[in-house]
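To keep things clear, I will list the structure first and then write my remarks on it.
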Amino acid sequence: MKAGEFVAVMGESGTGKSTLLNLIAGLETPDAGAIALAGQALGGLDDRALTLWRRHALGFVFQSFHILPHLSVGDNVALPLRLNGHRAPAAAKAASAMLERVGLAARAASMPSELSGGEMQRVAIARALVHQPLLVLADEPTGNLDPDNAARVLALLAKQVREQGAMCLMVTHSHQAALVADRVLRLADGCLIAA
Ligand SMILES: Nc1ncnc2c1ncn2[C@@H]1O[C@H](COP(=O)(O)OP(=O)(O)OP(=O)(O)O)[C@@H](O)[C@H]1O
Ligand SMILES: [Mg+2]
């Protein structure tokens with residue numbers, strides 16, 4: 001992937017798309033081959049180094065949002081910064097700036113249960129980008145959304161990653177969703193090919 005590139009990965013269910021993202025995130029280790037991101041080879045890192053690297057370099061967006069229900073919207077977005085050692089006031093300030101960028105500035109004090117699915121995924125996008133990661137990994141980010149919300153969330157994801165100059169690797173079943181990408185790949189029989 002090139003710096004700043006948005007790549008979509010498509011493929012049948014069970015072909016290994018989520019596994020591919022887990023490998024890139026260092027959550028699974030490859031039986032063969034090696035993973036490297038921006039010159040950093042993951043194979044040489046121990047668990048602790050891998051965790052630190054993941055917290056700094058990656059953002060995640062999941063189909064089922066994975067917003068922590070017992071934390072406010074603002075605290076969910078601030079979490080990556082807190083895990084990276086930022087103090088609470090600085091993290092809260094950056095989180096509210098990021099929430100503003102996804103159109104949810106007024107919801108920082110809300111609890112996740114008060115949000116719609118589309119709003120929840122916009123919170124997840126804010127959380128995925130607040131610490132300015134190198135790469136955002138998105139696994140079916142619109143899989144649980146109606147078409148209108150899916151379009152809005154995708155446009156927002158693409159705009160925010162592009163504004164930050166981050167890379168994004170998005171798994172999707174949706175040809176419509178793949179249209180936001182710079183490049184579309186197909187995963188089949190363990191190979192990634194241009195779609
Ligand atoms: N933890 C695991 N242990 C063993 N096999 C697994 C594990 N996770 C996934 N698999 C298998 O690996 C293959 C690829 O799974 P993966 O979840 O990557 O597919 P996918 O392309 O993301 O599918 P979907 O589109 O349904 O999400 C499948 O055959 C699956 O059953
Ligand atoms: Mg999957």
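All ligand and atom numbering here is 1-based and tracks the order in the structure. All heavy atoms count here, side chains included; hydrogens, waters and symmetry mates do not.
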Single-linkage hydrophobic cluster, 4.5 Å side-chain cutoff, Met167 and Val136 together: no
Distance (rounded to the nearest 0.5 Å) between Leu157 CG and Leu129 CG: 7.0 Å
Atom 4 (C) of ligand 1 protein-contacted, heavy-atom criterion under 4.0 angstrom: no
Donor-acceptor contact present, side-chain Arg183 to main-chain Val7, <3.5 Å: no
Where Ala92 and Ala78 come nearest, the two heavy atoms and their spacing: N-CB, 4.4 Å
Salt-bridge criterion met for Glu163 and Arg101 (N-O under 4.0 Å): yes
Test item: Lys17 side-chain N/O and Met10 main-chain N/O as donor-acceptor pair under 3.5 Å: no
Sub-4.0 Å protein heavy atom near atom 10 (N) of ligand 1: no
Nearest neighbour of atom 27 (O) of ligand 1 from the list Gly14, Ser18, Gly16, on a heavy-atom basis: Ser18
Atom 17 (O) of ligand 1 touched by protein heavy atom at under 4.0 Å: yes
Atom 25 (O) of ligand 1: nearest protein contact (heavy atom, Å): Lys17 NZ, 2.7 Å
Within-cutoff protein neighbour (heavy atom, under 4.0 Å) for atom 22 (O) of ligand 1: yes
Atom 8 (N) of ligand 1: the protein heavy-atom neighbour that sits closest, reported with distance to 0.1 Å: Thr19 OG1, 4.8 Å
Per-residue contact class, Glu140 against ligand 1 - non-hydrogen pairs under 4.0 Å: neither
Metal check, the Mg ion (ligand 2) vs Ser18 N/O/S, cut-off below 2.8 Å: yes
Any Glu28 heavy atom less than 4.0 Å to ligand 1: no
Protein contact of atom 24 (P) of ligand 1 - nearest heavy atom, named by residue and atom, plus distance: Ser13 OG, 3.6 Å
Atom indices of ligand 1 within 4.0 angstrom of His173 heavy atoms, with elements: 25 (O)
Contact bool for atom 1 (N) of ligand 1 (protein heavy atom, d < 4.0 Å): no
ILVMFWY network linking Leu23 to Phe62, side-chain heavy atoms under 4.5 angstrom: yes
Carboxylate-amine/guanidinium proximity below 4.0 Å for Asp182 and Arg162: yes
Asp139 side chain to Val61 backbone, donor-acceptor under 3.5 Å: no
